[in-house]
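Step one of this worksheet: look at the structure below.
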Amino acid sequence: MTKPRSIIIDTDPSPDDAVAFLIALGSPNELELLALTTVGGNVSLEQTTINTLKALELVGRTQIPIYMGADRPLKRELITAPEVHGNTGFEGYDLPEPKGKAASGFAPDKIVELVMQNEPNSITICAIAPLTNIALALQKQPKIAKRLQEIVLMGGSRSEGGNVTPAAEYNIYVDPEAAEIVFNSGVPITMIPLDCTHKALSTDARLEKLRAIGTPHMEAFYHLLKFNRIFDSEKMSLDGGPLHDPTTIAYLLKPEIFKAKKVNVTISTKSELTRGMTVVDWWGQTGLPLNTNMLYDLDSEAYYDLVIERLALATG
Ligand code: RIB
Ligand code: CA
């Protein structure tokens with residue numbers, strides 16, 4: 001059996017983030033979760049850290065270290081998303097206040113430490129939040145760019161348009177300068193944009209299937225995901241809300257359920273109209289380097305089956 005792949009997940013939990021790191025924990029033969037790093041995003045840094053602690057305590061997996069990172073973007077004010085995720089980011093089900101705390105150490109420093117301490121090409125970062133921590137780690141120690149195996153990030157969009165502005169998806173919109181650093185870093189990048197995640201909907205049938213597992217944590221996530229889908233499903237008149245972030249883990253577990261294309265991606269940082277837009281050179285017209293493996297489609301039924309199967313196994 002091959003050694004599990006070592007990953008670090010950078011996160012700003014709303015429920016889709018939590019499902020991402022819990023399905024990683026439910027896949028011990030394939031993935032080893034070295035650490036979770038939190039960042040200001042959907043809600044404040046303090047709240048994303050509380051939500052991360054709550055999710056790990058819900059499934060009894062409190063041995064995973066959590067390191068707190070940046071509370072705001074590199075050069076801009078933090079824009080949270082209470083209209084989507086509620087004020088706590090975990091609306092829909094009351095989880096008990098966490099007993100534990102984050103570990104000491106600043107997330108970007110801990111990312112550098114883990115990457116420099118482990119074998120080259122042995123650590124993958126799954127980035128499911130604004131990219132501030134990742135950019136700071138690359139600035140602190142540029143050598144990690146050649147040591148990282150891959151960055152798998154949920155963010156951006158090609159022809160789907162944005163979910164914050166007509167041009168930009170939230171994770172890139174919040175810190176476009178950080179995204180520019182990451183996409184120009186030379187690290188192998190797999191990007192999962194809205195074009196893909198908007199096909200991965202938490203429909204009633206899928207949520208009922210999840211609830212039918214019958215354990216307390218699946219009941220909790222049934223309610224959390226039911227709340228989490230309201231904003232997008234109403235805005236886009238869909239029969240469910242996109243389950244964005246677990247696509248990064250599903251890609252590591254079953255890449256075959258996705259369709260991919262190598263493209264150049266550049267980030268718009270200068271114009272307020274297109275702030276955070278991921279400009280995807282689908283037809284290779286710029287001649288710029290193919291810096292991104294972009295996943296543009298998925299088998300949504302296979303994706304949701306995998307999510308339910310591995311989420312059910314997340315308990316320690
Ligand atoms: O645009 C979707 C992204 O924004 C996801 O990571 C979701 O968790 C929110 O952070
Ligand atoms: Ca997220």
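Any value given below was found using the heavy atoms of this structure, including those in side chains, with hydrogens, waters and symmetry copies removed. For the single chain, residues carry numbers from 1 onward in sequence order. Whatever order the structure lists ligands and atoms in, that order sets their numbers, starting from 1. Everything quoted here is computed from the prediction, not taken from an experiment.
Neither the backbone nor the side chain of V84 comes within contact range of ligand 1; no heavy atom lies under 4.0 Å. Neither the backbone nor the side chain of T197 comes within contact range of ligand 1; no heavy atom lies under 4.0 Å.
Polar contact with ligand 1: absent for H244 (N/O pair, distance under 3.5 Å). The distance criterion of under 3.5 Å between nitrogen or oxygen atoms is not met by M154 with respect to ligand 1.
Shortest contact from atom 7 (C) of ligand 1 to any protein heavy atom: D16 OD2, 3.4 Å. Nearest protein heavy-atom neighbour of atom 9 (C) of ligand 1: N42 OD1, 3.2 Å. Among all protein heavy atoms, the one lying closest to atom 2 (C) of ligand 1 is E169 OE2, 3.3 Å. Scanning the protein heavy atoms around atom 6 (O) of ligand 1, the nearest turns out to be D245 OD1, 2.7 Å.
Between S202 and Y304, the side chains place a donor N or O and an acceptor N or O closer than 3.5 Å (distance only, hydrogens not considered). T190 and E150 are linked by a side-chain donor-acceptor pair at a separation below 3.5 angstrom, with hydrogens and angles left out of the test. T315 and R61 form no side-chain donor-acceptor contact under 3.5 Å, judged by distance and modelled atom types alone. Between the side chains of T274 and S271, a donor-acceptor pair is found at a separation under 3.5 Å. Of the N and O atoms on the side chains of N51 and T48, not one donor lies less than 3.5 Å from an acceptor on the other residue.
Between F221 and F90, the ring planes are perpendicular. Angles over 60° get that label, and only those under 30° would be called parallel.
Among K270, R76, K75, R72, the one residue that satisfies the salt bridge (Lys or Arg N to Asp or Glu O under 4.0 Å) test with E177 is R76.
Any protein N/O/S atom under 3.0 Å from the Ca ion (ligand 2) was counted, giving 5 altogether.
Electrostatic pairing of R211 and E219 counts as a salt bridge here, judged by a charged N lying under 4.0 Å from a carboxylate O.
Contact annotation: S14 has at least one heavy atom less than 4.0 Å from an atom of ligand 1.
The atoms of ligand 1 that sit less than 4.0 Å from any heavy atom of D12 are 10 (O). Of all atoms in ligand 1, listed by their number and element, those nearer than 4.0 Å to a heavy atom of D17 are 8 (O). Listed by number with element, the atoms of ligand 1 under 4.0 Å from a non-hydrogen atom of I128 are 6 (O).
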Next on the checklist: If you apply the rule side-chain hydrogen bond (donor to acceptor under 3.5 Å, both in side chains), what do you find for D195 with S159, and how did you get there?
Outcome noted: CA-CA 7 Å; D195 305 69; S159 50; 3.2 Å; yes
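A cation-pi arrangement is present between R275 and Y173 under the rule of less than 6.0 angstrom and at most 45 degrees off the ring axis.
Taking CG of L136 as the reference point, atom CG of D175 lies at 8.0 Å (rounded to 0.5 Å).
The salt bridge (charged side-chain N to carboxylate O under 4.0 Å, His left out) pairs that include a residue from residues 112-134 are K110-E113, where partners are two or more places apart or lie in different chains.
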